[in-house]
Structure formats: C-alpha cells, structure tokens
Amino acid sequence: ILPLKFMTVPKIYHLWYMKPFCYLLGCYPAHIRDRDHHTYGVDGTIKLLNYGYNICIFPEGTRTLQKDSDPKHGVVKILEAHPEAELLLAHLEWTFTKKGKKHLTLVVAPAPSSLDKTDPKAIMRAIYAL
C-alpha cells in the first residue's frame, strides 16, 4: 500500500509542533481556507493519485458517529477522476471496556463490486456495514 498519503484537517496539519510529524507521515491539508499549501483537498488528492500514491481519507471530512454521518461529495469526484482506482473500505470503531479503557476495532475490506461509487451515502453505508 506504499506510497501512502493522508488527507488531514488543516488545523492539525499546520500546528508548528505537529507539522514535521504530519509531513513525515505523508499528510496533506484537506483545504486551504487558513493557509496556502501546494497540495490540498480533492484536486490535490487527484494529483497525488496521478503520481501513484495511495490515499486515506474520511468521506465525511472528519471522524463522526454513524448517526451523524454526512459524507461529502469530494470522494465521488476523486473516484470519477480515477475510475480504475481500487476502493478499500475501512471501518474504525471505538468502544469502552469494562475497566473504562478505549478499544479500537478496525475492519478493512475491498468495496463490493455492486457498490455505487457515485453515491457518497452508499459508500458510507458500505463502510458501516463492515
């Protein structure tokens, strides 16, 4: 899955103490409303895919609860620009143990061939179905 890039919330990416780590981990900002950057958002993602990178994004633009899911259309634009791209779905779920500790469950699977890649809500339903 290498090389790998991560679309990141700009308020985290541009923090002076986080930026070196974000850069080394392959992060790039999701938008440039606050600060200019050469690679960002949907267009930057398409550019990185053209360069051969694999991309990790949250379709909603952030981590959310299932009940609050409102995916953005950007993921569809990216998939339209690269119809040959393989879509891997990842479902991250945090739970609390009896001792109050957090536990992460991660499920990754290829997108079903029947998935409508032009509907961001269908993509999210497939993710939550994992």
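Below, all heavy atoms of this structure are taken into account, side chains as well, without hydrogens, waters or symmetry copies. The structure presented is a predicted model; accordingly, all values stated were derived computationally and were not measured.
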Distance-only polar pair, side chains of Thr45 and Tyr53, donor-acceptor under 3.5 Å: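 Not at all, the side chains of Thr45 and Tyr53 share no donor-acceptor pair under 3.5 Å.
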message: Under the criterion side chain to side chain contact (heavy atoms under 4.5 Å, CB included), I'd like the reasoning laid out for Phe96 against His103: C-alpha separation, chi angles, the key distance, then a yes or no.
response: CA-CA 6 Å; Phe96 289 95; His103 176 73; over 6 Å; no
Under 4.5 Å between any side-chain heavy atoms of [X] and [Y], yes or no?
X	Y	answer
Thr95	Thr97	no
His14	Pro29	yes
Tyr23	Tyr13	yes
Tyr28	Ile55	yes

Atom pair [atom1] ([X]) and [atom2] ([Y]), whose distance is rounded to the nearest 0.5 Å:
X	Y	atom1	atom2	value
Leu115	Leu87	CG	CG	6.5 Å
Leu4	Cys27	CG	SG	9.0 Å
Arg125	Asp119	CZ	CG	5.5 Å
Ile123	Leu79	CD1	CG	5.5 Å
Asn54	Leu48	CG	CG	10.5 Å
Lys47	Tyr51	NZ	OH	5.0 Å

- request: Give the C-alpha distance, both sets of side-chain angles, the deciding distance and a yes or no for side chain to side chain contact (heavy atoms under 4.5 Å, CB included) between Thr105 and Leu92.
  value: CA-CA 6 Å; Thr105 304; Leu92 293 82; over 6 Å; no
Closest heavy-atom contact between [X] and [Y]?
X	Y	answer
Ala126	Leu89	CB-CD1, 3.6 Å
Ala81	Ile46	CB-CD1, 3.6 Å
Val42	Met7	N-CE, 4.4 Å
Leu130	Val107	CD1-O, 3.7 Å
Glu86	Pro110	OE2-CB, 4.3 Å
Trp16	Pro20	O-CD, 3.4 Å

query: So, Thr8 side chain and Phe6 main chain: donor-acceptor pair closer than 3.5 Å or not?
result: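 At least one qualifying donor-acceptor pair exists.
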query: Hey, do the aromatic rings of Tyr128 and His91 have their centres closer than 6.0 Å?
result: yes
Chi angles and distances behind the side chain to side chain contact (heavy atoms under 4.5 Å, CB included) call for His82, Glu84: CA-CA 5 Å; His82 282 273; Glu84 75 287 352; 3.0 Å; yes
